[in-house]
Amino acid sequence: MVASPYLAILALLALALLRVSVTLYYRARSPLQSVPGPWLSKWTSVVTDYHWFRGQRAFYVERLHKQYGPVICLGPTEVAFSSTSAAKTIHSYTRPFLKTSFYSKLRRYGGHDSVFTARGMEQHARYRRLLSGPMSESSLKSVEHIVRARVDLAIERMDEEMKRRGAVDVMKWWQFFSTDVIGELTFGESFRMLEIGKKNQYVEDLEKIATVGGLRIAFPTLMRLATKLPLPFLRDLSATDLRLRNYPIESIQRYRNIIAADPWNPKPTLFTKLFKAGEEGLSQQEIVSNAEAYIVAGSDTTAHTLTYLVWAVCRESEVKTRLVEEVTALPDGYTNEDLKQLPYLNQVLDEILRLFSAAPSSLPREVPKGGFEVDGYWIPGGVTVSTQAYSMHRNPVLFPEPERFNPSRWESPKKEMRDAWMAFGGGARACLGIHLAYMELRQATVKFFRTYPNAKVSSLEGFSDDDMEQVIYFLMFPKNKRCLIQTS
Ligand code: HEM
């Protein structure tokens, strides 16, 4: 009787040892042992996870690519690729590798899948079918005036801040702008951030989304227990998480009220079909999850791209002069169609999305059952494979001096450059909001540089290049979440 607790402990230890031995045995025999990379990665992903936790994983992966080449082992069940041939295999239109469980962790607890997190092809295709029509280039023509009105208001508010403060935090205003646009287009009513004009709880929560999402992916159990642990930092993040869940619920309710007030003539939104589908069987939770996906995917991405664009252009006087010349030559009543034809503006956009992609990190996908050969390596089924725009966009052969912001490299780009450019992802899971994103980016850039041809980077309040250092979890943001520009 006395020996039994010891026996139980011994039995547990023996079991644990057996489990570790079996795992090590399989890892030693894994085909991933022959994939280049640090020896430790063949046995554990702890180093990669550590860099993820610090918002530095993309830089770590890039360093490994520089050291070991285009194929690297990141953990016993993960391989990263940086060639266009691998990207085509992994992100194909017809036989795409499915998204991994990484995306399920981005779902809220008890929450349903969205078009972004859905892993199965059928479920994804169903969401995409319902959502893609209103996001097409031709459908978006009908909302051009809304985007334009929000750009105009953003610039008005920037003017006021410039007079008051001596500089403008363009990051804040682009955040308000993109949040208002996605709110109005999705739910029929803007979040009125531009009118309110200061960061409220909602914007502060949105700013934490990359960190919250990052922690939820790395430590799902910890985040689930966060409300019960006596750690203020975790409790705070957990409260943020909960509020982020409630915003779309409230917004959907507001839209339902709009419909109820005028049922025969409801204001059409990007979501109208989804609401109709609700009657045909799309659950309220599915609508909420898709609404949340739109708010997250459609606000910071555009805002951060615009922030880096203004900052990068203002630092390069030659670039600014060329861009200003082009946009000031436009007639007053220009349309989105006119903007699409501006060659230099397009080069600036290609280049900013290359160097400061808003979603530049690994897009993890699962190798199908039975395994698959990618770039000459046999990868067993179930292993995670990924490509990251951060590395593909820095291939020095295709993009000489990769860290240099040089829009002219897109004047007559080689096909290989286009193939390697993955700012909006690729294949069947490429960005659904690409046309909306371009409309916002073009309208905002043109209005900004027509209004402020002499804009320059400010040093007010100690602002410097250091503030703009990139932090990357899944989405990218500037380290200090501000970007001060002097508009005259
Ligand atoms: C400059 C702005 C943007 C960038 C750089 C960007 C980038 C991306 C990337 C890289 C992906 C693929 C993610 C993956 O494979 O895991 C993606 C997917 C997605 N994006 Fe965007 N995005 C932008 C703007 C927008 C906007 C304005 C919306 C509007 C709602 C949007 C909605 C989505 C959705 C719904 C998906 C998931 C598509 C699917 O899985 O079928 N994005 N985006």
Side-chain angles (χ1 to χ4, degrees), residues 58 87 90-93 96-100 102-106 113-121 123-132 134-136 140 143 147 150 174-175 177-187 213 217 248 269-271 274 289-309 349-350 352-366 384-390 392-393 421-445 472-477:
I90 296 168
H91 304 285
S92 107
Y93 280 99
F97 289 13
L98 300 186
K99 285 188 169 181
T100 64
F102 167 93
Y103 290 88
S104 308
K105 292 181 197 155
L106 288 169
D113 270 318
S114 67
V115 65
F116 179 69
T117 60
R119 295 171 65 196
M121 281 173 85
Q123 189 190 22
H124 173 253
R126 177 165 162 251
Y127 290 150
R128 191 113 186 172
R129 222 178 13 254
L130 286 166
L131 290 165
S132 53
M135 281 293 207
S136 70
L140 285 171
V143 300
V147 176
R150 291 281 133 195
W174 293 139
Q175 256 175 328
F177 157 71
S178 61
T179 308
D180 277 357
V181 168
I182 201 68
E184 186 158 359
L185 298 190
T186 311
F187 309 111
I217 286 161
T269 72
L270 300 176
F271 258 36
L274 220 58
S289 296
N290 280 293
E292 191 187 357
Y294 266 40
I295 294 179
V296 176
S299 49
D300 277 2
T301 44
T302 315
H304 296 172
T305 307
L306 279 170
T307 302
Y308 275 99
L309 188 152
L349 288 176
D350 282 340
I352 211 71
L353 286 159
R354 180 190 72 80
L355 201 51
F356 300 104
S357 309
S361 62
S362 301
L363 307 178
R365 300 294 189 263
E366 197 172 289
T384 297
V385 286
S386 62
T387 52
Q388 64 167 14
Y390 189 88
M392 299 197 54
H393 292 181
W421 189 92
M422 283 193 64
F424 290 97
R429 302 306 295 257
C431 180
L432 180 67
I434 184 168
H435 301 302
L436 176 59
Y438 269 118
M439 183 188 280
E440 291 182 65
L441 296 175
R442 289 194 178 106
Q443 294 279 2
T445 305
I472 305 172
Y473 286 95
F474 187 73
L475 299 179
M476 180 275 286
F477 57 91

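As a basis for the values below, the full set of heavy atoms in this structure was taken, side chains included, without hydrogen atoms, waters or symmetry mates. Numbering of ligands and ligand atoms starts at 1, following listing order.
A pairwise comparison of heavy atoms in F477 and H304 identifies CB-CE1, 3.4 Å as the closest pair. The heavy-atom pair separating F424 from A437 by the smallest distance is CE2-CB, 4.0 Å. Taking both residues in full, the closest heavy atoms of S178 and T302 are given as CB-CB, 4.1 Å, listed atom of the first, atom of the second, then distance. The two atoms that bring T445 and L441 nearest to each other are OG1-O, 2.6 Å, heavy atoms only. Scanning all heavy atoms of the two residues, the minimum distance from G425 to L363 falls at CA-CD1, 4.0 Å. The two residues L306 and F177 come nearest to each other via the heavy atoms CD1-CE2, 3.9 Å.
Summary of contacts: the protein heavy atom closest to atom 16 (O) of ligand 1 is Y103 OH, 2.5 Å. With hydrogens left out, the protein atom closest to atom 6 (C) of ligand 1 is F424 CD2, 3.6 Å, a heavy atom. For atom 21 (Fe) of ligand 1, the closest heavy atom belonging to the protein is C431 SG, 2.3 Å. Of the protein's non-hydrogen atoms, A297 CB, 3.7 Å is the one closest to atom 33 (C) of ligand 1. Counting only heavy atoms of the protein, atom 13 (C) of ligand 1 lies nearest to F116 CE1, 3.8 Å. Of all protein heavy atoms, the one lying nearest to atom 5 (C) of ligand 1 is A423 O, 3.5 Å. Atom 15 (O) of ligand 1 has its closest protein heavy atom at R365 NH2, 2.8 Å. Nearest protein neighbour of atom 27 (C) of ligand 1, counting heavy atoms only, is G298 CA, 3.6 Å.
By the 4.0 Å heavy-atom criterion, H304 is excluded from the residues contacting ligand 1. Within the structure, the closest approach of A118 to ligand 1 does not fall below 4.0 Å when heavy atoms are considered. The closest approach between I182 and ligand 1 falls below 4.0 Å for a heavy atom of the residue. Not a single heavy atom of H91 lies less than 4.0 angstrom from ligand 1. Using 4.0 Å as the threshold, M135 has a heavy atom nearer than that to some atom of ligand 1.
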Yes or no on side-chain contact (heavy atoms from CB on, under 4.5 Å) for T269 and V143, after CA distance, side-chain angles and deciding distance? CA-CA 9 Å; T269 72; V143 300; over 6 Å; no
Under the criterion side-chain contact (heavy atoms from CB on, under 4.5 Å), I'd like the reasoning laid out for Y390 against M476: C-alpha separation, chi angles, the key distance, then a yes or no. CA-CA 10 Å; Y390 189 88; M476 180 275 286; over 6 Å; no
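Side-chain atoms of T305 come within 3.5 Å of backbone N or O of T301 as a donor-acceptor pair. Using a distance-only test at 3.5 Å, with no hydrogens or angles considered, a donor-acceptor pair links the side chain of Q388 to the main chain of A58. A donor-acceptor contact shorter than 3.5 Å links the side chain of S361 to the backbone of Y473.
When each atom of ligand 1 is checked for a heavy atom of V115 under 4.0 Å away, the hits are 35 (C), 39 (C), 40 (O), 41 (O). Remark: ligand 1 atoms within the under-4.0 Å shell around heavy atoms of F474 are 16 (O). Within ligand 1, the atoms closer than 4.0 Å to a non-hydrogen atom of A430 are 38 (C), numbered from 1 in the order shown. For ligand 1, the atoms lying closer than 4.0 Å to a non-hydrogen atom of H124 are 39 (C), 40 (O), 41 (O). Residue-ligand proximity, R128 to ligand 1, at heavy-atom distances under 4.0 Å covers atoms 38 (C), 39 (C), 41 (O).
Close N/O approach between A437 and ligand 1 is not found [any backbone or side-chain N/O within under 3.5 Å]. Any N or O atom pair closer than 3.5 Å counts here, and T305 shares no such pair with ligand 1. Considering backbone and side-chain atoms together, T301 places no N or O closer than 3.5 Å to any N or O of ligand 1. Where the criterion is an N or O separation shorter than 3.5 Å, residue side chain and backbone included, R429 meets it with respect to ligand 1. Taking distance alone, with nitrogen or oxygen atoms compared against 3.5 Å, T302 stays at or beyond that limit from ligand 1.
Two residues are said to be in side-chain contact when any heavy atoms from C-beta on lie closer than 4.5 Å; S289 and F116 fail this criterion. Proximity of L309 to L349: side-chain heavy atoms (C-beta onward) are separated by under 4.5 Å at one or more points.
Between F97 and the options R365, R429, E366, a side-chain contact (heavy atoms from CB on, under 4.5 Å) holds for only R365.
Taking the six-membered ring where tryptophan is involved, the planes of F474 and F102 are tilted, since the angle between them lies from 30° to 60°.
With a 4.0 Å cut-off on non-hydrogen atoms, F102 does not touch ligand 1 at all. Contacts of A389 with ligand 1, taken as heavy-atom pairs under 4.0 Å, are absent altogether. Contact annotation for K99 and ligand 1: only side-chain heavy atoms (C-beta onward) come within less than 4.0 Å of the ligand.
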